[in-house]
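All remarks here apply to the structure that follows.
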Amino acid sequence: MRYLITSALPYINGVKHLGNLVGSMLPADVYARYLRGRGHEVLYICATDEHGTPAELAAAEAGLDVAEYCAREHQIQRDLGERFGLSWDHFGRSSSPQNAELTRHFAGRLRDHGLLEEVVTEQVYSLDDGRFLPDRYIIGTCPYCGYERARGDQCENCTRLLEPALLINARSAISGSTNLERRSTKHLYIRQSQMAERVREWIDSHDDWPVLVTSIAHNWLNVGLEDRSITRDLKWGVAVGWPGWEDKVFYVWFDAPIEYIGATNEWADLAPGERDWRGWWYGDTDVRYMQFMGKDNIPFHTINFPVTIIGAQEPWKLVDYIKGFNYLTYYGGKFSTSQQRGIFMDAAIDLLPADYWRYYLMANAPESDDTEFTWESFAFNVNKDLAGIFGNFVARTLKFTQRRFGDVVPEGGVPGPEEAQLARDVDEAMSTYVSEMDAVRFRPAAFALRSLWTAGNQYLDRTAPWNEADDQRVACVLRTAINLARIDAVVAHAFVPFACERLARDLALRADEWRWPGAATDELQVLEPGRAFTVGEALFPRIGDRSTLNAWVAEMEARFGGRETAGVAG
């Protein structure tokens, strides 16, 4: 079985915040790393989503041509992702020629099968802005839930799809002008209403999907699928390119999901003749396809994109499993760029190591409900789990071994009842961790990982080698503990890769020793006596101490916003 993994495409206009990170890219990476560690072939694809009015406006504000702006921002996002350890096999661009070709291909197939319709509509034109306003650039009050900043395409509060005409007190999101009028323009509409039952049948065939995903999808289906426009009156985007449609581009939400395929094509084109992108997407493949996204993206991946794939009537790969996430909030409110409130990826990675953020976010992933970020909880989790359990076990093992026997794995002694108990504890924690990761449940998987780390500290506490006079017994205990550190490094690599790779270097692990562990009884004896190791700096230096931690939290709240701005949206 091969695994194809995609995470929702980050939009091009600006650095992403930690809520974006934990809602798609980071869990996709953790899962991809886990599968690779288990020996599976994995292709992890992501890309920047670059089309639409927001890119045009952001480029104008930056004083750049939109293509130049997108190229710059793509590089920034790629660099930040790599600093966070995101192990994409390819990080593409939806503005690529490969995606344009595929987008026009799918549109052509839909047209050939009678699923596209030309419709003349009344579209909102802003006289003060001198342009047609895309739906998302018309804001007003949602007629369903009363949210006052609903967009013309979707209410981010209740996730209902909207049309601008439904908004109450509509105004331009660009200028705030209410000097709007409706003008006639023609567009291509995808006839989703004809596909509703086929999509419902497909969704219902996946009874293993999270409730969050299926409930949102069913809500859309129960309300009733409406035909949706897939073109816009813009210059920046995938040109339709058909006679009579020279002044239209495809809607960003039509071409963006197709970029999953387009980016795989880009990946293949980087090594001509060596990579088969179609083998991942087309025909009878041995691929399990997994998507990761926040809940606001679920409708597009359970309804709109599948309509495109199914409607094309070609054997393109449909997703097998969708992992949806709720929101990460910041002190009970939203992350806000305009209010400079919350933590964004560039500031986070400059502040503390990537592993701290990776572990905290996944151990507190918003899987069943929204999860609140606070600086207190962040520091507590890092200091308790990473520094106090995992890092402490490695440090006390290697430092005490160094003091007693030097910088080598000690020889002597025979495993006894305590080692047998440790093996049972390790096997139990490993079994739970594998079960939870296979089920794509990250919070309980992180708990199982903590149990694995805790088993090492409990073993040292029970055996107390610092109180033992028999060198043979001490050697056996410390050699066993060093071997457990190897297991920890391999298993925890998906969550905290940088620290685990450093630990692997400190233990001088060979390639054949960097492998998924089997039964603990055997794995706790892999590293042979006499081999050298290095005692390095702490894997996870603590964030402050008892006397300085409160001051550090207050400093972070002052810098990034905290309780006094809770509830501010942007």
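What you are looking at is a predicted structure, and each value in this text was computed from that prediction instead of being measured.
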Note to self: Taking side-chain contact (heavy atoms from CB on, under 4.5 Å) as the criterion, tell me which of Asp135, Leu180, Leu133 meets it with Pro164.
What the structure shows: Asp135
Next item on the list: Using the side-chain contact (heavy atoms from CB on, under 4.5 Å) rule, pick out the option among Val42, Ile322, Thr6, Val440 that qualifies with Met290.
Entry: Val440
Next item on the list: Write out all pairs satisfying ring-ring contact (aromatic ring centres under 6.0 Å, His included) with one or both partners inside residues 217-236, taking only residues at least two apart or from two chains.
Entry: His51-Trp236
With a 4.0 Å cut-off, would you call [X] and [Y] a salt bridge?
{"X": "Asp370", "Y": "Lys334", "result": "no"}
{"X": "Asp129", "Y": "Arg131", "result": "no"}
{"X": "Arg149", "Y": "Glu156", "result": "no"}
{"X": "Arg36", "Y": "Asp89", "result": "yes"}

Margin query: For a ring pair (Phe, Tyr, Trp, His ring centres under 6.0 Å) check, start with the C-alpha distance between Phe254 and Phe106, then their side-chain angles and the critical distance, and finish with the verdict.
Written below: CA-CA 10 Å; Phe254 182 72; Phe106 277 105; 7.8 Å; no
Notebook entry, point to check: Among pairs that include at least one residue of residues 238-264, which meet salt bridge (Lys or Arg N to Asp or Glu O under 4.0 Å), considering only residues two or more places apart or in two chains?
Noted result: Asp233-Lys248
Interatomic distance, [X] atom [atom1] to [Y] atom [atom2] [nearest 0.5 angstrom]:
{"X": "Ile309", "Y": "Glu314", "atom1": "CD1", "atom2": "CD", "answer": "9.0 Å"}
{"X": "Gln77", "Y": "Met345", "atom1": "CD", "atom2": "CE", "answer": "8.0 Å"}
{"X": "Thr264", "Y": "Gln98", "atom1": "OG1", "atom2": "CD", "answer": "10.5 Å"}

Does a side-chain heavy-atom distance below 4.5 Å link [X] with [Y]?
{"X": "Ile190", "Y": "Leu116", "result": "yes"}
{"X": "Glu122", "Y": "Ser184", "result": "yes"}
{"X": "Phe378", "Y": "Met556", "result": "no"}
{"X": "Ile203", "Y": "Leu221", "result": "yes"}
{"X": "Thr302", "Y": "Ile216", "result": "no"}
{"X": "Trp375", "Y": "Tyr330", "result": "yes"}
{"X": "Trp253", "Y": "Ile230", "result": "no"}

Main-chain N/O of [Y] paired to [X] side chain as donor or acceptor, under 3.5 Å:
{"X": "Tyr11", "Y": "Ala55", "result": "yes"}
{"X": "Ser24", "Y": "Asn20", "result": "yes"}
{"X": "Tyr282", "Y": "Lys317", "result": "no"}
{"X": "Glu274", "Y": "Ala268", "result": "no"}
{"X": "Asp227", "Y": "Gln192", "result": "yes"}
{"X": "Glu41", "Y": "Arg2", "result": "no"}
{"X": "Arg275", "Y": "Leu270", "result": "no"}

Check: Taking the six-membered ring for Trp, are Trp280 and Tyr289 ring centroids under 6.0 Å apart?
Finding: no
Note to self: Centroid separation under 6.0 Å, is that true for the rings of Phe335 and Tyr327?
What the structure shows: no
[Y] six-ring centre to [X] NZ/CZ under 6.0 Å and within 45° of normal:
{"X": "Arg111", "Y": "Trp242", "result": "yes"}
{"X": "Arg160", "Y": "Tyr144", "result": "yes"}
{"X": "Lys323", "Y": "Tyr321", "result": "no"}
{"X": "Arg232", "Y": "Tyr251", "result": "yes"}

N/O donor-acceptor pairs under 3.5 Å from side chains in residues 26-35, not counting sequence neighbours:
residue: Asp29; atom: OD1; partner: Arg33; partner atom: NE; Å: 3.4
residue: Asp29; atom: OD1; partner: Ser87; partner atom: N; Å: 2.6
residue: Asp29; atom: OD1; partner: Ser87; partner atom: OG; Å: 2.5
residue: Asp29; atom: OD2; partner: Arg33; partner atom: NE; Å: 3.1
residue: Asp29; atom: OD2; partner: Arg358; partner atom: NH1; Å: 2.9
residue: Asp29; atom: OD2; partner: Arg358; partner atom: NH2; Å: 2.7
residue: Arg33; atom: NE; partner: Gly85; partner atom: O; Å: 3.4
residue: Arg33; atom: NH2; partner: Gly85; partner atom: O; Å: 2.7
residue: Tyr34; atom: OH; partner: Arg38; partner atom: NH1; Å: 2.8
residue: Tyr34; atom: OH; partner: Asp438; partner atom: OD1; Å: 2.7

At their closest point, which heavy atom of [X] faces which heavy atom of [Y], and how far apart are they?
{"X": "Ala445", "Y": "Phe495", "answer": "CB-CZ, 4.4 Å"}
{"X": "Pro143", "Y": "Ile168", "answer": "CA-CD1, 4.2 Å"}
{"X": "His74", "Y": "Ile12", "answer": "N-CD1, 3.6 Å"}
{"X": "Asn326", "Y": "Glu367", "answer": "ND2-O, 3.3 Å"}
{"X": "Ser172", "Y": "Ser126", "answer": "CB-OG, 4.4 Å"}
{"X": "Ile138", "Y": "Leu167", "answer": "O-CD1, 3.5 Å"}

Taking atom types as modelled, find out whether [X] and [Y] have a side-chain donor-acceptor pair closer than 3.5 angstrom.
{"X": "Asn13", "Y": "Glu73", "value": "no"}
{"X": "Glu50", "Y": "Thr48", "value": "yes"}
{"X": "Trp245", "Y": "Thr231", "value": "no"}
{"X": "Ser193", "Y": "Glu226", "value": "no"}

Note to self: Between Gln194 and His113, is the side chain to side chain donor-acceptor pair (under 3.5 Å) condition met? List the steps.
What the structure shows: CA-CA 12 Å; Gln194 294 189 2; His113 294 295; over 6 Å; no
Check: Among all residues two or more places apart in sequence or in another chain, which pass the salt bridge (Lys or Arg N to Asp or Glu O under 4.0 Å) test with Lys16?
Finding: none
Margin query: Restricting to salt bridge (Lys or Arg N to Asp or Glu O under 4.0 Å), what partner residues turn up for Arg183, sequence neighbours left out?
Written below: Glu181
Next item on the list: Determine, stepwise, if the pair Val119 / His187 fulfils side-chain contact (heavy atoms from CB on, under 4.5 Å).
Entry: CA-CA 5 Å; Val119 178; His187 285 292; 5.8 Å; no
Note to self: Under the criterion salt bridge (Lys or Arg N to Asp or Glu O under 4.0 Å), I'd like the reasoning laid out for Asp65 against Arg72: C-alpha separation, chi angles, the key distance, then a yes or no.
What the structure shows: CA-CA 11 Å; Asp65 171 78; Arg72 184 189 74 177; over 6 Å; no
Notebook entry, point to check: Which is it for Lys186 and Gln123 under the side-chain contact (heavy atoms from CB on, under 4.5 Å) test, yes or no, and what are the steps along the way?
Noted result: CA-CA 9 Å; Lys186 69 174 183 178; Gln123 187 174 334; over 6 Å; no
Margin query: For Asp208, is the CG atom crowded, meaning more than 12 foreign heavy atoms sit under 6.0 Å from it?
Written below: yes
Notebook entry, point to check: So with a 6.0 Å cut-off around CD of Glu101, is the heavy-atom count from everything else above 12?
Noted result: no
Checklist line | For His301, all residues meeting ring-ring contact (aromatic ring centres under 6.0 Å, His included), sequence neighbours excluded | finding: Tyr260
